[in-house]
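Here the structure comes first, spelled out in structure tokens, and everything after it is commentary.
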There are 2 protein chains.
Amino acid sequence: MSSYSVASPYNTETIYQDLREGILSLKYKPGQLLSENAIAAAYQVSRSPIRAVFSRLANENLLMILPQKGSYVTLIDYDFIREIIYMRTLVERDILKQAAASCDDKLIKNLESNLRKQHRLADLGSRADHERYYQIDNEFHQICFRHVGRDLLWQILQEHQVHYRRFRMLDILSQQILSKLVDEHELIAQVISSGDTNKLDQLIEEHLVNGLHRIEQLVMTEHPDYFYSSNSN
Amino acid sequence: MSSYSVASPYNTETIYQDLREGILSLKYKPGQLLSENAIAAAYQVSRSPIRAVFSRLANENLLMILPQKGSYVTLIDYDFIREIIYMRTLVERDILKQAAASCDDKLIKNLESNLRKQHRLADLGSRADHERYYQIDNEFHQICFRHVGRDLLWQILQEHQVHYRRFRMLDILSQQILSKLVDEHELIAQVISSGDTNKLDQLIEEHLVNGLHRIEQLVMTEHPDYFYSSNSN
DNA sequence: ACTTGTACACTTGTATACAAGTGTTAAAAA
DNA sequence: TTTTTAACACTTGTATACAAGTGTACAAGT
């Protein structure tokens, strides 16, 4: 290594995280071309580390590599999302029931703290940072998983549901008003602390499936070019 | 390309599938060293395509690349398995209930056909092809998913539960007698066709969790070097 | 005007030389 | 004998040259 001026300030793992986060946050749009040379130049490295990164992204279905043509950010698979939501509903239902059954002051305190954060952001109206809201929304659910000792499952779900994450991001970004989402979380928290698990089934179902309807009606008309249906093709 | 004698008979995708299948079928043992040069030589290609493959495998947590040291087949994460089984139990419970509710002749015919295959293999005793049994076992569950219109979810679960697959393979390989597994499937099929969904919850739970107990008692003592616990470390 | 063909500027795929870290082995020094 | 040191045979990481396919732009021919 020639000491200075040649070495890139980025290491391969950082570049991978960067690109991945860029795709998941919709900074790189579904369908967009990502060229090895362009990315390599941007990060001041050769194509070698970029190719390793591209291979990983392609393997996660975030990038589609077409030999001799180009590499493109994958479209969001609508059918994929539907199945993930079905699974998430089943899991979340069970987790939240357990949380309600073993609810204590600590859990209530954590959930209320999270809800305050959600309110603070929602109160900003259109000036709210929607990406930040996504994080806090996620945190709400994670608190429940962690409370019943399933933090690892939460992490597994996160890592494996990359398509779902882009869908959620798009859903939140297209929300004019965040308060509706906050209200749903508020309701869930109430049910957990009151232990009234009867209402929970329908509540969770609605909370997760609502997003699917919103996407169907609103986003599919605005960004049909972002989506893809593996069944209809 | 110099026409002949130089080009490898393998393409990169084939090599990837090969190595992946090798790891999942336990042909490559957990903890075993896989060197880029060795694999490259075996497939008569340079390190470049192998590195791409290794990157993908590492990203799926099937290979651990230690820079300047070597690349090793990952150990099976015990805590990971536990969480996957928890999730699988929830999903399978719901799927099988739906299957029981919408049971028809076609479903019964498919399940019985599958069970006959299981019996044929189990009757061979110790001469049975255990890897083949794994496939048929899988097929049994897939039939149920497909019947309720969730074939895509089945595929998603398959792709994402690579650790679980190694666990199942090890479980089946260590079974002296396959008939116990066949009996469990037989019972599940009966419940589906009879529509007696009350027993289903416990049945599925046992069917999936039994493997966990078997591994705890039997395999952990025979192959402790195959396993790893992310919680205790 | 239309068609055809060619050159060129892209794209990813592969092979290879070298960089740099690690661990072992064996020889040399204490 | 013990310790230290140096050489060597590995490992993966990076940069680079070239191979080969694709699409476009533009000019020549019909």
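Both backbone and side-chain heavy atoms feed into the values below; hydrogens, waters and symmetry mates do not.
The phosphate of C:dT12 (OP1 or OP2) has no side-chain N or O of A:Arg51 nearer than 4.0 angstrom. B:Arg47 has no side-chain polar atom (N or O) that falls below the 4.0 Å cut-off from OP1 or OP2 of C:dT16. Contact annotation: B:Ser46 reaches the phosphate of C:dA15 (side-chain N/O to OP1 or OP2, under 4.0 Å). In this structure, B:Thr12 does not reach the C:dG13 phosphate: none of its side-chain N or O atoms is under 4.0 Å from OP1 or OP2.
Listed in residue order, the members of residues 29-42 of chain B having a heavy atom less than 4.0 Å from DNA chain D are B:Leu34, B:Ser35, B:Glu36, B:Asn37. Residues of residues 54-74 of chain A having a heavy atom closer than 4.0 Å to DNA chain D, listed by number: A:Gln68, A:Lys69.
At least one side-chain heavy atom of B:Asp171 sits less than 4.5 Å from a side-chain heavy atom of B:Gln175.
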With salt bridge (Lys or Arg N to Asp or Glu O under 4.0 Å) as the criterion, how do A:Arg165 and A:Glu21 come out once you've worked through the C-alpha distance, each side chain's angles and the decisive distance to 0.1 Å? CA-CA 11 Å; A:Arg165 172 155 169 201; A:Glu21 193 55 36; 2.5 Å; yes
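Side-chain N/O atoms of A:Asp18 and A:Tyr10 include no donor and acceptor closer than 3.5 Å. With no hydrogens or angles considered, a side-chain donor-acceptor pair links A:Gln98 and A:Asp94 at under 3.5 Å. In summary, the side chains of B:Thr14 and B:Asn11 do present a donor paired with an acceptor at a separation below 3.5 Å, with no hydrogens or angles considered.
B:Ile50 has its CD1 atom 13 Å from the C1' atom of C:dG13, to the nearest Å. Atom OH of A:Tyr16 is separated from atom P of D:dG13 by 15 Å (rounded to the nearest Å). For the pair A:Glu13 CD and D:dT12 P, the interatomic distance rounds to 17 Å; values are reported in whole Å.
In this structure, A:His141 and A:Trp154 have parallel ring planes: the angle between them is below the 30° cut-off, well short of the 60° mark. Between B:Phe227 and B:Tyr78, the ring-plane angle classifies as perpendicular under the 30° and 60° cut-offs. Ring geometry, B:His185 versus B:His207: the interplanar angle exceeds 60°, so the pair is classed perpendicular (tilted spans 30 to 60°). Using bins of under 30°, 30° to 60° and over 60° for the plane-to-plane angle, the ring pair B:His223/B:Tyr226 lands in the parallel bin. Ring-plane geometry between B:His160 and A:His160 is classed as perpendicular, the angle between the planes exceeding 60 degrees on a 0 to 90 degree scale with a lower cut at 30.
We find the NZ-CG distance between B:Lys106 and B:Leu111 to be 10.5 Å, quoted to the nearest 0.5 Å.
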Base-pairing string, 5' to 3', of DNA chain D - Watson-Crick or wobble, under 3.5 Å, | interstrand: ||||||||||||||||||||||||||||||
